[in-house]
Structures are given as C-alpha cells and as structure tokens.
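No hydrogens, no waters, no symmetry mates; every other heavy atom, side chains included, goes into these values.
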Amino acid sequence: MIDFNRPALVGKELNYIQDAVAQGMLCGDGKYTKLCSEWMKKRFDVNQVFLTTSCTHALEMAAFLSNIQPGDEVIMPSYTFVSTADAFVLRGAKIVFVDIRPDTMNIDENLIEQAITDKTRAIVPVHYAGVACEMDKIMEIAQKYNLKVVEDAAQGVDAYYHGKALGTIGDFGCYSFHETKNFTMGEGGALVFQKNEYQEKAEVLREKGTDRSKFFRGQVDKYRWIDYGSSYLPSEMNAAYLYAQLEECDKINRKRHQVYDGYHERLADLEAQGKLDRPFVPDGCAHNAHMYYIKVKDLAVRTRLIAYLRENGIAPAFHYVPLHSSPAGEKFGRFCGEDVYTTRESERLLRLPMFYDLSIDDVDYIAEKIHQFEF
C-alpha cells in the first residue's frame with residue numbers, strides 16, 4: 001500500500017534528540033526551542049515566534065491575545081479544520097462562516113465585508129494547501145473596520161504571498177508541525193506576530209499564567225502567577241526533532257515540489273479532457289507543495305475513485321466536512337450568505353499521497369491508475 005503520509009526523517013533528528021536529553025532540560029524553552037524560534041524569525045522575517053504544542057494551541061493563544069470576548073463574532077471559512085473555530089468558541093465567540101473560492105478553496109475575500117456586523121472582532125483566513133488567501137484585500141477590510149486578522153497558516157509554513165511569509169501578514173499567524181505537515185515535531189505548532197507589544201502577554205499565557213520566562217532570563221528572582229494562562233510549551237525533544245527538519249528545509253522543499261510537479265504534469269491531460277481539476281495557484285503566491293489534490297465531478301465519482309485506488313494499493317483521502325453542516329457548527333456558528341461552493345467543492349476534492357519519501361515511480365503508478373479509472 002502506498003501510504004497517504006509518512007513523517008519525514010531527513011537529517012540529524014535522532015542526534016539532536018539525544019543531545020536534548022544530554023542537556024538535562026527536557027521541559028521546553030531550552031536550546032532547541034530557541035534554535036527553532038530564531039530560525040523562523042530569520043527565515044520568515046518576523047519579530048516574535050512562540051513554539052507551541054500544536055497549531056490548535058497557537059490559535060487559542062491568538063484568540064486570547066486578540067481579546068475575543070463572549071458574544072463577539074469571528075469570520076472564517078467553513079472549509080477548515082475544527083481547531084480554527086474551536087479556538088474562538090472557547091472564548092465565547094460566535095463563528096460566522098462565509099463561502100470559499102472554488103479555484104483555491106480559500107475564503108472568498110469578496111464576501112467578507114457583507115458578513116461584518118457591529119459584533120465582528122476578527123477575520124481568520126485559512127491558507128488551504130499552502131496557497132495564500134488574498135491578504136491585501138483582507139488586510140484592507142480589517143483596517144477599514146478595525147478588526148484583528150489571525151492567519152491559520154497550519155498548512156502554509158514556508159509559503160509566501162507577494163514575497164511575505166504566510167502567517168506574518170496579519171496580526172497573528174499560526175503554524176502546524178503535526179506529523180502530516182511539511183516539517184514536523186510529531187505534535188506541535190507556533191504562534192508568530194510582528195508587534196512586540198504582545199510579547200510579554202504571550203509569554204505569560206504560554207507559561208501557565210506565570211512570568212517564568214522572565215525568571216529564566218534573570219529579570220526576576222522568582223516567578224509568580226501573573227494572569228490567565230495554560231500549558232502551551234512543547235518539550236525540548238519535540239523541538240530537537242523539528243530543528244533538524246528546519247535545517248533541511250530547502251532539501252524537503254525540493255523533494256516535495258518534485259512530487260507535486262510530477263502529479264501536476266502527469267494529470268494535465270485529464271484536466272484538458274474535463275475529467276478532473278488540478279490545484280490552482282494565483283499569481284503572486286508561492287506555495288509549499290503541502291498537498292496535491294484533484295477535484296472530480298461529484299461525491300459519487302469521488303467515492304468510486306477512493307475505492308478503486310485502495311483496491312490498487314493506494315491510500316488517498318478526502319478532506320474537511322464543512323463545519324457549518326456539523327452539529328457544533330450549527331450550535332456555535334452561522335453561515336452568512338449562500339453556500340454556493342463550500343459543500344459542493346468539498347465533496348469533489350480528493351487528496352493524493354504526498355510525503356518526503358514518496359518516489360517518482362510511485363507518482364507514475366498513481367497517475368497511471370487514475371488514467372485507467374472510468375470517470
């Protein structure tokens with residue numbers, strides 16, 4: 001069976017984990033946490049980086065730092081992972097879903113303004129498959145109405161919008177380093193932002209509500225309970241694994257783009273014949289080859305194709321069930337306007353195997369089997 005995903009092991013991951021153990025500090029915010037943070041600051045040109053235990057926790061931190069209060073409204077696409085909404089629901093917010101663009105599967109920037117009310121406090125664009133939302137338009141709307149922008153860049157690490165790293169454009173950006181992502185620490189994420197005014201509050205929030213970070217820097221002689229907080233700091237062993245991956249970022253990128261381009265070239269004729277649609281990347285967007293998906297005619301065709309590929313030793317996957325159609329989505333949110341594309345396009349989409357060790361021979365085989373399928 002060709003797996004859908006396999007976590008990458010490409011460099012000094014195990015050596016760095018051993019070194020982390022030898023350092024005698026496994027609880028986090030040590031050598032490797034700092035190395036990861038400094039690498040991201042330099043690579044992405046961002047002022048503040050806080051490594052977290054997950055992208056979910058990065059989103060929760062962003063919701064708290066955005067001062068989301070009960071009764072506030074937050075705008076986002078319905079086609080996203082539950083964490084995007086959960087982080088704001090935990091703060092008591094009402095989620096307002098808007099439709100997506102069928103070309104990128106991202107939030108339709110032209111529908112955001114009509115969803116704004118006097119209760120709206122934030123916009124949460126989700127950079128699906130590492131392809132940027134139209135951030136210029138979104139930031140223009142946010143500035144007009146004085147709204148926070150929290151970028152869900154879980155899939156967008158080392159992807160760019162007109163030269164700017166995804167996650168660094170809005171007020172806050174949230175990354176994922178889950179084992180399914182381009183760069184992994186097993187479970188993990190990061191919160192990034194440009195304004196230094198959030199630094200101290202973010203430190204307290206991540207460290208259980210204490211000023212422990214100041215204590216380790218020698219700024220206070222003991223650390224105290226300062227404010228609300230939780231435990232969002234990953235262990236040094238996780239950070240050690242991630243740092244080895246970040247060191248090999250360009251190597252990982254090259255291989256993933258080879259796989260992506262391999263699919264894209266081999267399936268072009270099927271798109272020309274109208275049998276499927278391939279991913280679209282707008283001008284000015286530099287994607288990170290996070291995933292490769294195709295879109296077929298409808299749910300019935302996708303269901304047949306999934307069964308067919310599995311019979312031939314290939315493990316594909318569909319993706320999100322739109323949040324607004326789920327029990328919690330109905331309870332905590334509402335859909336603004338008409339669902340023209342969200343449900344329809346989600347039912348057409350099928351993700352193909354994509355990971356660092358996937359061979360071009362495997363890509364050839366998968367493409368060949370798709371060609372043999374009766375659409």
Side-chain angles (χ1 to χ4, degrees), residues 3 5-17 19-20 31-52 55 58 127-132 135 151 153-169 173-186 188-192 234 238-265 279 281-293 351-363:
D3 294 330
N5 175 72
R6 291 180 202 157
L9 181 67
V10 298
K12 300 177 181 178
E13 289 93 341
L14 302 183
N15 292 335
Y16 286 170
I17 288 174
D19 181 57
K31 172 182 175 180
Y32 287 101
T33 300
K34 290 178 172 61
L35 284 170
C36 288
S37 298
E38 289 304 316
W39 187 95
M40 284 187 270
K41 285 181 182 180
K42 183 177 180 180
R43 178 85 174 194
F44 304 142
D45 191 22
V46 66
N47 285 330
Q48 297 291 335
V49 175
F50 286 83
L51 214 61
T52 61
C55 186
H127 302 299
Y128 187 72
V131 176
M135 291 305 298
E151 294 177 72
Q155 300 172 11
V157 180
D158 207 38
Y160 297 82
Y161 175 78
H162 295 290
K164 296 179 181 178
L166 301 189
T168 70
I169 304 166
C174 303
Y175 294 148
S176 174
F177 299 114
H178 185 265
E179 71 166 29
T180 58
K181 301 303 188 290
N182 297 30
F183 318 104
T184 183
M185 55 197 289
L191 173 71
V192 303
N238 294 75
Y241 195 102
L242 176 62
Y243 185 62
Q245 299 244 306
L246 297 179
E247 281 190 318
E248 298 291 351
C249 172
D250 293 330
K251 178 180 178 182
I252 292 171
N253 281 343
R254 282 194 299 271
K255 178 59 187 300
R256 293 187 72 98
H257 277 279
Q258 286 175 3
V259 173
Y260 181 101
D261 293 343
Y263 278 133
H264 211 59
E265 293 165 4
V281 181
D283 291 341
C285 298
H287 73 93
N288 60 358
H290 171 63
M291 75 170 75
Y292 195 88
Y293 64 81
R351 295 180 293 163
L352 300 179
M354 167 64 87
F355 50 89
Y356 175 77
D357 288 325
L358 189 68
S359 71
I360 297 302
D361 286 343
D362 286 336
V363 173

A.B. asks: Just jot down the side chain to side chain contact (heavy atoms under 4.5 Å, CB included) partners of Ala289, sequence neighbours excluded, or say none.
C.D. replies: Arg256, His257, Tyr260, His287

A.B. asks: Donor-acceptor check, side chain of Lys31 to backbone of Ala240, threshold 3.5 angstrom: yes or no?
C.D. replies: no

A.B. asks: Return the minimal non-hydrogen interatomic distance between Ala190 and Ala58, and the atom names on each side.
C.D. replies: O-CB, 3.5 Å

A.B. asks: Could you grab the distance from atom CG of Asn288 to atom CD of Gln155, nearest 0.5 Å is fine?
C.D. replies: 8.5 Å

A.B. asks: Kindly compute the distance separating OH (Tyr241) from CD (Glu13), expressed to the nearest 0.5 Å.
C.D. replies: 4.5 Å

A.B. asks: Identify, with sequence neighbours excluded, every residue that meets ring pair (Phe, Tyr, Trp, His ring centres under 6.0 Å) alongside Phe50.
C.D. replies: Phe193

A.B. asks: For the residue pair Met185 and Leu51, what are the closest heavy atoms and their distance?
C.D. replies: CE-CD2, 4.1 Å

A.B. asks: Sequence neighbours excluded, which residues qualify as side chain to side chain contact (heavy atoms under 4.5 Å, CB included) partners of Arg351?
C.D. replies: Phe4, Tyr128, Met291, Tyr293, Ala317, His319, Leu349

A.B. asks: Tyr16: which residues meet the side chain to side chain donor-acceptor pair (under 3.5 Å) condition with it, sequence neighbours left out?
C.D. replies: Glu247

A.B. asks: From Asn253 CG over to Gln258 CD, what is the distance, rounded to the nearest 0.5 angstrom?
C.D. replies: 11.0 Å

A.B. asks: Can you tell me how far CG of Leu14 sits from CG of Leu9, rounded to the nearest 0.5 angstrom?
C.D. replies: 5.5 Å

A.B. asks: Listed by chain and number, what are the side chain to side chain donor-acceptor pair (under 3.5 Å) partners of Tyr292, not counting sequence neighbours?
C.D. replies: His264

A.B. asks: Residues in side chain to side chain donor-acceptor pair (under 3.5 Å) with Tyr32, at least two apart?
C.D. replies: Asp19

A.B. asks: Is there side-chain contact between Val259 and Tyr263, with heavy atoms separated by less than 4.5 Å?
C.D. replies: yes

A.B. asks: Is any side-chain heavy atom of Tyr356 less than 4.5 Å from a side-chain heavy atom of Lys251?
C.D. replies: yes

A.B. asks: Taking the side chain as every heavy atom from C-beta outward, state whether Val157 and Ser176 have any atom pair closer than 4.5 Å.
C.D. replies: no

A.B. asks: If a pair satisfies salt bridge (charged side-chain N to carboxylate O under 4.0 Å, His left out) and one of its residues is in residues 32-48, list it, with sequence neighbours excluded.
C.D. replies: Glu38-Lys41, Arg43-Asp158, Arg43-Asp250

A.B. asks: For Ala159 and Gly130, work out which heavy atoms get closest and say how close.
C.D. replies: CB-O, 3.3 Å

A.B. asks: Using a 3.5 Å distance criterion without hydrogens, assess whether the side chain of Gln245 forms a donor-acceptor pair with backbone atoms of Thr184.
C.D. replies: yes

A.B. asks: Go through the structure and list residues passing side chain to side chain donor-acceptor pair (under 3.5 Å) with Asp362, not counting sequence neighbours.
C.D. replies: Ser359

A.B. asks: Work out which heavy atom in Val281 is nearest to a heavy atom in Cys285; give both atom names and the distance.
C.D. replies: CG1-O, 3.4 Å

A.B. asks: What's the spacing between Gln48 CD and Leu191 CG if we round to 0.5 Å?
C.D. replies: 9.5 Å

A.B. asks: Any donor-acceptor pair under 3.5 Å linking the side chain of Asn238 with the backbone of Gly186?
C.D. replies: no

A.B. asks: For Tyr175, enumerate each residue passing the ring pair (Phe, Tyr, Trp, His ring centres under 6.0 Å) test, keeping only those at least two apart in sequence or located in another chain.
C.D. replies: Phe44

A.B. asks: With a cut-off of 3.5 Å and sequence neighbours excluded, list every side-chain donor-acceptor pair involving residues 162-169.
C.D. replies:
unit_1, atom_1, unit_2, atom_2, d
Thr168, OG1, Ala165, O, 2.6

A.B. asks: Is there side-chain contact between Phe177 and Cys36, with heavy atoms separated by less than 4.5 Å?
C.D. replies: no

A.B. asks: Taking the side chain as every heavy atom from C-beta outward, state whether Lys181 and His290 have any pair of such atoms under 4.5 Å apart.
C.D. replies: yes

